[in-house]
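Keep in mind that what you see is a predicted model, and the values were worked out from it rather than measured. Whatever order the structure lists ligands and atoms in, that order sets their numbers, starting from 1.
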Amino acid sequence: MTYRIFLLSGLFWLVSLPLAYAESTPISVRVGVFDNPPIIEVRPGSPPEGIAIDVLREVANQEGWEITYVNDSWDRLLSQLDRGEIDVLTGIAYTPERAEHYRFTQQSLIGNWGMVFRHAGAPIESLPDLKGMRVALMKGSIHSQALVELAKQFDAPFIPVYVDSYADVLKAIVERRADAGAVNRVYAALHAHQTDVVVTGIVFNPVFVHYAASLQASSALIASLDRHLTTLKADPNSVYYKSLRHWLEAAPEGRVPDWLPWAAAIVFSLLALTLSIVALLRYQVQRQTGELSRRADLLQTEVEQRERAEGHLNKLAYFDGLTQLPNREGFSLTLNKALSELDESERLAMLFIDVDRLKNVNDGLGHGAGDMLLQQVALRFQSVLRGQDHLSRFGGDEFVVIVPSVDTPEEAERVANRLLQSLVLPIPIGSTQIYTSASIGIALVPDDATTMETLIKHADTAMYQAKEQGGNRCRFYHTQQTARVVERLTLDTRLRQALEWGELLLHFQPIVDLNSQRMVGIEALLRWEDPSLGLVMPGAFIAAAEDTGLIVPLGEWVLEAGCAQLRAWQKQGRALHMTLAVNVSTRQFEGRRLVKSVEQALARTGLAAECLELEITENVMLIMNDDVRSSLDSLRKMGVRLALDDFGTGYSSLSYLKQLPFHSLKIDQSFVARIPGEAGDVQLVTTILALAKGLDLQVIAEGIETQAQYDFLRANGCEFGQGYLMSRPLPADQLLALLDRDAAGGRIIPASQDPHALT
Ligand code: C2E
Ligand code: MG
Ligand code: MG
């Protein structure tokens, strides 16, 4: 009897009576498998194995399914699923297009992504280097198509060399029939260990692997799988996690002798250095050539336009080529006109908008990606504005909106909020999803200004205020803000003085074990007490300090002051089992200076290395050079703990995670803020948790503000957290109360009425 007959007898029966069901007649389920280790590993003569199979076997045991495996090529399995010849396909990556044809489990089995490897002689480190190269790809793989398209978008088309399996991709590289090749990261974790196969920095196309059935079949089978996956993923000791650990930590095949990687490393470092310089020069030449040809194109267009009509030429001068929006000149014309037509009783609002963190995208993904992001942002803004509102691109990452007639300031604020709201969903750039936000300053005529120049200046000032408060918000102009602008101009000088004059201080925020509600650590967060400005938050000055390099001495001060504080508490018998987390900037790695600063701070203060944790933002992956790599290794050898901060916000080379000596990762607060409400973020957070477990990394969730977030994270196996719900960052003397309460066995109990409450 096939399972279909049972399914017809009703979903309710299937869900409520699985045991009775199992005891009667086994249900036969035909499962399509193909070799895609370690998700599924198919070897001739033995039954399939792998993560998907372990989970399936567990579900089959509980549900009384009798499984028949159908092993075939990927293309043929898809047709068999269409014809109802198999019931379930494993290891299938979710895409919206496929979801129109197949019924996917809601729960994913594992997150996966594409990685590019090269042979040791190919000068390929980043996407532009693929141009003209021979790249081996597996036929029909979802990553193959994605890489072809991504390379086209980045103007780096390559010559695809199609092969039948991931094993053949690596073989083609080793035999030098291809310069590079793409495989998925779980496969790579197990098999890409040949001496001649070198990982590049190219990581792309994150996907989630699921089980799927045909849309025509009953949904009961997929529903059962989903139900079991949910239960398995909630239990850290379940078959699911055991399987992840087993398959992702399996010993790589064909290990090389111990001395060989060292010898190879020395040879390759020299080679890599030379190649990097060549690649850098070539990239710059390419960029400049690109820029020249872009300018030539523009000129050409301009000449043609001139020939056609004078009027059209004017248009070019007033519009921005990238976004097709009016440019600064176009904006000036409109604003002048609007001001001259304004009645005395009327108000006009100007919104000055700056896209947050565009520099990260430019630095990490290249200017091509930055440009695409700006185009998408312009479209999003346009889609939420009304006919009478006037959007222009002011330059760089700045936009302005003129709202010609507003009755109340709140009306302008509503427009600003709609603009912010339009950026809430991530923006797809190539195969990456980018979360972005904006800072908006609002100035009004006649309230704040009557001339164009002052209006722009004041809206810009208000925008900086929004940015200083952390971005992703709008602020109205207030007269006091002008004073702050003047201050900002001398920020660098003032910061240097602040360091010399002892105006810097640390606040401390508890890191809490979510299960026991006890403190396990403290994060040191930098503050600047300026006599005239008051307490200045790091968001207002860290970026500037990174630009000028002042972050290096500043970071050294933080390290020493933080270590000294924890040591002082320890001497008083406090905070004995806690670690101190200190944020470090990627610039501190230059010349391996960070290692020396840490050694010095520990030696001077007498703090044990095990008590110190360094938080490094995810963007460190982007500059993964020898200084960074060897510094991380040395720090780990010293016993210092390493955490990856703001995880999920940057361009994450997740593949590095397994290779690098991190102990923990911190889920960025922007994701925590949207759970448990937003399905996408819920999936992201649960996937990060599952991945971290598989890689044996601890997870700390940042920015826990509500009980619901706390409960969700704990229920999903997140061990540690920090956030306003437990405690805001506090000056050292105020943290004492919490430390003493903790020492007396008290717990930090989240209480919605009073975030600082303790029991
Ligand atoms: P971070 O390392 O991710 O630190 C967490 C930030 O989130 C802190 O902001 C903290 O006050 C804030 N936060 C904690 N709990 C909550 C919450 O429940 N809700 C919300 N909305 N926010 C919460 P802060 O102190 O303004 O620091 C901002 C960033 O500045 C830090 O982010 C870190 O990247 C950087 N930073 C701070 N101190 C240093 C430092 O000494 N050196 C370097 N290089 N960077 C630093
Ligand atoms: Mg941090
Ligand atoms: Mg963070």
Side-chain angles (χ1 to χ4, degrees), residues 356-357 360 437 467-473 495 498-499 504-512 521-528 535-563 565 579-590 594 597 601 612-620 641-650 662 664-675 688 699-710 713 720-731 735 748 750 752 755-756:
D356 297 330
R357 296 181 301 276
N360 285 357
S437 57
K467 189 142 279 209
E468 281 180 4
Q469 290 172 356
N472 192 22
R473 66 195 68 216
L495 255 181
L499 188 59
L504 298 179
L505 70 156
L506 294 176
H507 278 186
F508 298 91
Q509 188 179 33
I511 299 175
V512 176
I522 305 161
E523 177 169 6
L525 293 157
L526 183 57
R527 302 289 183 259
W528 170 17
L535 197 65
V536 187
M537 305 299 273
F541 60 86
I542 291 283
E546 285 187 326
D547 284 346
T548 60
L550 188 66
I551 193 70
V552 176
L554 219 94
E556 283 169 3
W557 179 86
V558 173
L559 259 173
E560 193 151 337
C563 292
Q565 180 61 70
T579 48
L580 177 87
V582 172
N583 295 284
V584 293
S585 156
T586 45
R587 292 212 58 177
Q588 291 175 258
F589 284 93
E590 287 165 18
L594 182 63
S597 333
L612 179 65
E613 176 158 290
L614 298 181
E615 293 193 359
I616 304 150
T617 62
E618 198 184 15
N619 286 337
V620 75
R641 295 177 55 84
L642 300 171
L644 203 56
D645 206 350
D646 301 345
F647 190 78
T649 52
F662 284 100
S664 53
L665 55 87
K666 300 188 78 173
I667 303 184
D668 189 66
Q669 46 178 276
S670 56
F671 302 115
V672 174
R674 292 187 290 248
I675 55 169
I688 295 178
V699 182
I700 302 152
E702 299 183 300
I704 303 178
E705 290 185 358
T706 68
Q707 186 71 51
Q709 290 162 354
Y710 185 103
L713 287 160
F720 305 104
Q722 79 192 87
Y724 296 167
L725 181 69
M726 287 81 90
S727 166
R728 285 176 180 270
L730 299 171
L735 193 84
I748 296 196
S752 32
H756 304 138

Identify the protein heavy atom lying closest to atom 29 (C) of ligand 1, giving its residue, its atom name and the separation to 0.1 Å.
-> Pro538 CG, 4.3 Å
Would you check whether Pro729 reaches within less than 4.0 Å of ligand 1, judged by its heavy atoms?
-> yes
Which of the atoms of ligand 1 are close to Ile704, meaning less than 4.0 Å from one of its heavy atoms?
-> 18 (O)
Between the side chains of Thr617 and Asp646, does any donor sit under 3.5 Å from an acceptor?
-> no
Mark the output for Glu523 as yes if a heavy-atom distance to ligand 1 is under 4.0 Å, and as no if none is.
-> yes
Of all N, O or S atoms in Asp646, identify the one at the shortest distance from the Mg ion (ligand 3).
-> OD1
So which of Ile511, Val512, Asp645 actually passes side chain to side chain contact (heavy atoms under 4.5 Å, CB included) with Ile700?
-> Ile511
Report the part of Val582 (side chain from C-beta onward, or backbone N, CA, C, O) that has a heavy atom under 4.0 Å from ligand 1; answer both or neither where that applies.
-> neither
Which bit of Glu702 is near ligand 1, meaning a heavy atom under 4.0 Å away: side chain, backbone, both or neither?
-> side chain
Shortest-distance N/O/S atom, Glu702 versus the Mg ion (ligand 3) | OE2
Note: ligand 1 atoms sitting under 4.0 Å from heavy atoms of Ser585 are 44 (N)
Among all protein non-hydrogen atoms, which one is nearest to atom 42 (N) of ligand 1, and what is the separation to 0.1 Å?
-> Asn583 O, 3.3 Å
Applying a 4.0 Å heavy-atom criterion (strictly less than), which segment of Ile542 is in contact with ligand 1: side chain, backbone, both, or neither?
-> side chain
Shortest non-hydrogen separation from Pro553 to Leu499 and the atoms involved | CB-CD2, 3.9 Å
Glu615 near the Mg ion (ligand 3): N/O/S under 2.8 Å | no
Could you walk me through whether Val558 and Leu504 pass side chain to side chain contact (heavy atoms under 4.5 Å, CB included), step by step?
-> CA-CA 9 Å; Val558 173; Leu504 298 179; over 6 Å; no
Apply side chain to side chain contact (heavy atoms under 4.5 Å, CB included) to Leu612 and Cys563, showing your working.
-> CA-CA 8 Å; Leu612 179 65; Cys563 292; 4.1 Å; yes
Nearest heavy-atom pair of Pro729 and Leu525: which atoms, and what distance?
-> CG-CD1, 3.7 Å
Step-by-step side chain to side chain contact (heavy atoms under 4.5 Å, CB included) determination, Ile542 to Leu526 = CA-CA 9 Å; Ile542 291 283; Leu526 183 57; 4.3 Å; yes
Before accepting this row, confirm whether a basic side-chain N of the pair Glu613/Lys666 lies closer than 4.0 Å to the acidic partner's carboxylate O.
-> no
Under 4.0 Å from atom 32 (O) of ligand 1, is there any protein heavy atom?
-> no
N/O/S from Asp668 sitting under 2.8 Å away from the Mg ion (ligand 3) | no
Using a strict cut-off of 4.0 Å, indicate which atoms of ligand 1 neighbour a heavy atom of Arg527.
-> 11 (O), 24 (P), 25 (O)
Under a 4.0 Å heavy-atom limit, does Asp645 contact ligand 1 with its side chain, its backbone, both, or neither?
-> side chain
Could you see which bit of Val558 sits under 4.0 Å from ligand 1, with heavy atoms only: side chain, backbone, both or neither?
-> side chain
Any Gln669 heavy atom less than 4.0 Å to ligand 1 = yes
Where do Phe508 and Gln565 come nearest, in terms of heavy atoms and distance?
-> CZ-CG, 3.6 Å
Which ligand 1 atoms, with their elements, are less than 4.0 angstrom from a heavy-atom of Glu615?
-> 2 (O)
Name of whichever N/O/S atom of Glu523 is nearest to the Mg ion (ligand 2) = OE2
Atom indices of ligand 1, in the order listed, that fall short of 4.0 Å to a heavy atom of Glu705 | 17 (C), 18 (O), 19 (N), 20 (C), 21 (N)
Under 4.0 angstrom from ligand 1, any heavy atom of His507?
-> no
Leu665 vs Val699 side-chain heavy atoms within contact, under 4.5 Å | yes
Residue pair Phe647 / Ile667, side-chain heavy-atom distance below 4.5 Å | no
So which protein heavy atom does atom 16 (C) of ligand 1 come closest to, and at what separation?
-> Tyr724 CE2, 3.2 Å
Any protein heavy atom lying closer than 4.0 Å to atom 25 (O) of ligand 1?
-> yes
With only distance considered, is Leu526 within less than 3.5 Å of ligand 1 through an N or O on each side?
-> yes
Closest approach of Val552 and Arg587, non-hydrogen atoms and distance?
-> CG2-O, 4.0 Å
Heavy atoms only: give me the nearest Glu615-Ala581 pair and the separation to one decimal.
-> OE2-CB, 3.4 Å
At what distance is the nearest protein heavy atom to atom 10 (C) of ligand 1, and which residue and atom is it?
-> Leu525 CD1, 3.8 Å
Backbone of Ser727 reached by a side-chain donor or acceptor of Gln509 within 3.5 Å = yes
Give the name of the N/O/S atom in Asp645 that lies closest to the Mg ion (ligand 2).
-> OD2
Does the shortest distance from the Mg ion (ligand 2) to an N/O/S atom of Thr617 fall below 2.8 Å?
-> no
Identify the heavy atoms of Val672 and Ala701 that sit nearest to each other, and give their distance.
-> CG2-CB, 4.1 Å
So do the side chains of Leu535 and His507 get within less than 4.5 Å of each other, counting heavy atoms only?
-> yes
Check Gln509 against ligand 1 and report side chain, backbone, both or neither, counting heavy atoms closer than 4.0 Å.
-> side chain
Glu556 side-chain N/O to Ser597 backbone N/O, donor-acceptor pair under 3.5 Å | no
